[in-house]
Structures are given as C-alpha cells and as structure tokens.
Amino acid sequence: MSLDIHIRHTKGSFELAFEARLPSTGITAIYGPSGSGKTSLLRCIAGLELCEGEISFNEHAWLNKAQRIPCEKRNIAYLFQEGLLFPHLSVRENICFGRTVDQAALLSLSERLGIEHRLNAMPDTLSGGEKQRVCLCRALIAKPDLILMDEPLSALDSESKKKLLEEIRTLSTEHKTPVLYVSHAIREISAIADHVVQIENGALSRHGRIDEMLSQPKFEFNEGDARSVILRGKVCENLDEWQLIRVQLNEPNSTPITLTASGEQLGQALRLQIAAKDVSISMTKHCEQSVMNILPCIVSGIHSMPHEAHALVELNFGSQTLLAQITRKSLAALGIEASMHVWAQIKAVAVLD
Amino acid sequence: MNSDLQAIVLTFKLASVTMLILLCIATPIAWWLSQTKSPWRNIVSPLLTLPIILPPTVLGFYLLIFLGPNGWLGQLTTSLGIGPLVFSFWGLVIGSIIYSLPFAVQPLVNAFKSIDPRLFELGATLNANSWKRFTTIAMPLAKPGFYTAAILSFAHTVGEFGVILMIGGNIPGETRVLSIAIYEHVEALEYGRAHVLAAGLLVFSFVILWATQRLQSQPQPQNRKPGVAP
C-alpha cells in the first residue's frame, strides 16, 4: 500500500523533479521552505497540474506513459488554503456538491465538527475556522481514497489551528483515510503527522517517520521553526499531590520524564516534543536545582547551526536521541566532544497528544 | 398609426429573436475566450469586437453581398428553396446577430473571467467533469453577466439602423423597424409622428441602461479572485 511518485513538472524557471514511495496510510506531511515546490507536488498528485512521469496510488495507475486519469476520476479530496467554498451554494449544498449524501451521516459528522447549526448558512457569513470545518466535512463525507491538504490552516489563529489539527488527526484515523498535508510550520507537522517528506528546490530531500526525521541533526528546519525532537512514552505514575505525571519513554531502563498533569490517564500513550533550546548540558548531575528532568546521555555528534553563535549537540540515551542547542562558547568551556558522558537537563516538554 | 405599431412590434420581435440566438452562440464563445490560452484567441477576440467600431454601412454592404442572390450564403439559401435572405426578416436577424455579437460576448467573457479559477479545480476534486463544472459553477456564478449580455444585445438591436437600411430596406411588417420608421417620418416632414417614436425610444434606452446599472451594482457572492495569491 503506497503512493508511488516519479514525476517531472516545469513552470517557468521552476522545476519539480520528485521521486519517492510514500506510505498510503496515516498522515504524511510535506515540509519545506516557501517556493520549494510543496504545493506544485500536491497539485500534480491531485491531477490539477500537468506533469510527466508516473503516479500510482495503491497499485492503481493515475499517470503513466499510456494514460492520465483526470482529477475528477482520482477519487481524492483537496483542502485549499483559507477554506474554499462555492459562494453561490449554502453550506449544505457545498458539502453535498456533486453527490448524493446520506443526510444522517452528514448530520452526525457536522455535529462532530460543530457546524450543524450553519448548514443552511451562506459561505460569506462563516468565519475562517468554520469555512475550513465545512471543507473538512465535505472532504470526509465523500469517502475519498486520499485527502490532500494545502496549508489548510494558514489563515487561522493558533487556538483554532490547534483544535482543527486534533480533529483532522482523529477523523482521518477514524475514517482510515490517508492524508497528505502540506505545511511550512514544524509546529503543525509535529502535532499531526506520522511521516514527513522534506522537499527542497523541487526535489525530495529526505522522508521517513516524523520522530526519526526530527531527531536527525541534518534535517533542515525552515527559518523561524524551532528545532525539536519527538519522543513517545506511556504515563507510568500519577503524582496527584504535586499535579504531576511521570512518563516512561519507549526506551527500557531510561529515567521517566516528569510533566505537569492535564488529565492524562495511567498507561495512556503520549507523544512529547522537546525543543533543542530547552535542553542544556552539564558535566555532573546537579541534584540541588529546580530542573526535574535530568537524563544521562552520550554525546554522539556536534553540528553547526544557522546562527554561528550556536552549536547543536546530538545526545543519545539508549536508542533515543535528544538535541541540545547551546552556545559555542559553552561548548568550548565544557570541552564537549563526541562519546562523552554528560547530563541533559530538560527545561520544558510539550505534550502533543 | 397602425404602421408605427407594426414597426414597434417588428422591432421587439427582431430584438428578442436576436437576443435569444445570441445568448446561445455567445455563451460557448465567451467561455472559450475566458479559459483558453490558445494563441488563436488573439485573433478571434478582436474579430468579434470588430462590429463595435466598423461603420454599420460597411457591415451592411458585405452582408448585402453575402446574403444576396450572387453571394455564397444567398446561393446556399436559394438552392435550399428559401430564396436570398436580403430584404427579409431572417436576413435582418443574421445581420443583427453579427452587429450585436460583441455586446453579448464581452459581458460574458468578463463574468467568466472574474470567477476564481480555483473554484473549477475544487469542482474537479469533487468529481465534477468539465460539463458539470460549467453548468453548476460557471453558469450560476456568471448570472449577472448573462443579464447584462441579454439586455445589451436586445437594446443594441433595437437601436440598429445602418445595417438594416443596407440589407433590409423598408418593407412594412418584414423589415420596417422603428429606426427606419423614424427616418421615414422625418423624410416626409411628419415631425409629430417622429417625435412620438423618438421619445419612446429615448425613454426605453434610459430604462435599459438604468436597469443594467442596477444589476451590476447588486452585491454579488464573493467569487472574485483574491488580490494576492499566497
């Protein structure tokens, strides 16, 4: 089960030459700086842009030398930027466009998305968030084989963004519909994606599971995106007295991580995001201090960062990787070198889900 | 007075028939012009606009030749047993269609062009083929353009004079339309009768333009292209 792409597409002086086998399950993010060809790639996959080469989805040829299946026959759904709706049709007519829709299914899905009271409204009376919810509802109700999303949340504030990201993730899992999600914001991608495809200058740079990709120091982050890693674990202890929880990472014998509690259940699986700038390094385990999460690690690499004052230190504990962003001055002062034993102090952890 | 009434009825019949045929012809042409990137559009577009600046007598002169007994269209209609179309109502219809074509095509081209092209792509991702995209997205969103095209082609045909004088002459009930009747009254120094018809046309034209303006200033759904493509 895969989405196989081997295409070439030119537009003016820009050339997209992309070749990859992407998973056709879960959420795959397409990440890269502006102008790297993310949207062009998505449009080629949708059949909205002409390109040469081959595209096949689950062994089903969409494009090859012999034929080109037009967009309307690929059974996909596409979420455009800023929630594109037909302005002359009501919300209900927009959702039911071009197909007979089971009204009971429509009602239950629209209730889940909180738009059931807007079904008879016209699109120009909706807020940006509501528009994108209507688009999501329309995409899911069509039972497509693949949903393509082109920065669908770029026009929303961060609160509505967070809520919609959660909904996209839950609903696409429930409906078992694979999603390709274009974004230039690592924050969105880490919250939603299982896989990430990095694209640069119209070509595949690297792709793989998101936690593996983010912990690679060579994974290029877009300007303005904070470097971070994703770790998985399970809640192993509730410290009710302190409103804290302990999370055992998916690494046997590693020290559990302590976090502030927000209603997590014992045994619940969590994904944690740790930014490189929230990790500092010390040579000894200082116990008399406020930072709670101190992990013994081995330095496995030292990398340069875009700003010359900083260095990125790659730290391993077991098979897991942490990244620490420290100044080059500290690096020199502490004499940090590869394969040294150090202590990583984690100042902040974000819970993704 | 009966002959004037006949002229009024004939004029509105000519304008209505012309308008209906024009909407059928102009819609596919305008759709093609608004969507195509073919180099042919650079030739077709000015060709279709030509009747706006061409003196009606020039248009009438060529039509007279084409539709006449020796013209190729005249020969064709004669061989079909219809006879040459000059000095007949259907000859006037053909002349009026060509004469008013730009007034039907242009508003439709503008209306189709002003639709956000992403809406057609959205239609395609929702399994709509090109015919369905045209009928369910382009046509409804271009509705104001259809109204304008209908009104302008109707009104422009009502105001036609030179072409009709060249190919239609002045046959009561067949080719004697309002503008010809007014001309005839003036020639005969019947200024009173000319006044009645002329004032009527004046009021009619004003109402038409007022109605068009009302239609265009109506709030329309937001189907405009975004100013800056992000």
Side-chain angles (χ1 to χ4, degrees), chain A residues 34-35 38-39 42-43 45-50 69-90 93-101 122-126 131 134-135 137-139 141-152 154-155 182 184, chain B residues 27 30-32 34-39 107-150 215-230:
Chain A
S34 315
K38 306 185 293 291
T39 297
L42 206 66
R43 289 174 60 83
I45 296 171
L48 294 172
E49 209 78 61
L50 289 176
I69 307 282
C71 172
E72 62 263 28
K73 296 212 170 115
R74 294 191 186 186
N75 197 26
I76 50 141
Y78 198 108
L79 261 69
F80 291 81
Q81 290 181 3
E82 78 241 353
L84 189 63
L85 296 170
F86 296 116
H88 60 300
L89 300 177
S90 71
E93 288 165 331
N94 260 286
I95 295 172
C96 301
F97 183 87
R99 56 175 55 85
T100 39
V101 168
M122 291 307 281
D124 54 1
T125 62
L126 303 186
K131 280 184 190 171
V134 174
C135 291
C137 182
R138 176 170 61 191
I141 210 113
K143 298 195 173 62
D145 294 331
L146 174 66
I147 304 183
L148 306 167
M149 302 190 180
D150 184 10
E151 311 215 14
S154 56
V182 161
H184 66 271
Chain B
T27 305
W31 176 244
W32 180 77
S34 68
Q35 304 297 310
T36 188
K37 286 180 182 122
S38 153
L108 288 177
V109 171
N110 293 341
F112 288 140
K113 271 191 178 168
S114 71
I115 300 172
D116 182 348
R118 292 182 309 161
L119 292 176
F120 301 127
E121 298 183 341
L122 177 61
T125 65
L126 294 165
N127 305 353
N129 60 24
S130 51
W131 172 250
K132 207 167 166 214
R133 296 200 288 273
F134 177 71
T135 52
T136 59
I137 304 168
M139 295 263 284
L141 285 174
K143 211 160 36 173
F146 279 96
Y147 291 145
T148 311
L215 271 179
Q216 279 166 350
S217 62
Q218 250 174 29
Q220 281 160 32
Q222 294 167 328
N223 62 342
R224 297 285 177 261
K225 290 173 199 169
V228 189

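Keep in mind that the numbers below use all heavy atoms, side chains included, and drop hydrogens, waters and symmetry copies. Lettering follows sequence order; numbering is per chain, from 1.
Contact of the Asn129(B) side chain with the Lys73(A) side chain is not registered, since no non-hydrogen atoms from C-beta on lie closer than 4.5 Å. Side-chain contact between Lys143(B) and His88(A): absent, with no pair of heavy atoms (C-beta onward) separated by less than 4.5 Å. Under the 4.5 Å side-chain criterion, counting only non-hydrogen atoms from C-beta, Glu121(B) is not in contact with Tyr78(A). Using a 4.5 Å heavy-atom cutoff, the side chains of Phe97(A) and Thr136(B) are in contact. Looking at Leu122(B) and Arg138(A), their side chains come closer than 4.5 Å, going by heavy atoms from C-beta outward. Between Pro140(B) and Leu89(A), every side-chain heavy-atom pair lies at or beyond the 4.5 Å cut-off. Between Asp116(B) and Phe80(A) the shortest side-chain heavy-atom distance does not fall below 4.5 Å.
Neither the backbone nor the side chain of Arg74(A) comes within contact range of chain B; no heavy atom of the residue lies under 4.5 Å from a heavy atom of that chain.
The residue among Ile76(A), Leu148(A), Leu84(A) with the most heavy atom pairs within less than 4.5 Å of chain B is Leu84(A).
Taking SG of Cys96(A) as the start and CG of Leu126(B) as the end, the distance is 11.0 Å to the nearest 0.5 Å. How far CD1 of Ile147(A) is from OG1 of Thr125(B): 11.0 Å, rounded to the nearest 0.5 Å.
Salt bridge status for Glu72(A) with Arg133(B): present, with a side-chain N to carboxylate O gap under 4.0 Å.
Within 6.0 Å of CZ in Phe120(B) there are more than 12 heavy atoms belonging to other residues, nucleotides or ligands.
Contact detail for Phe86(A) and Leu119(B): the closest heavy-atom pair is CE2-O, 3.4 Å.
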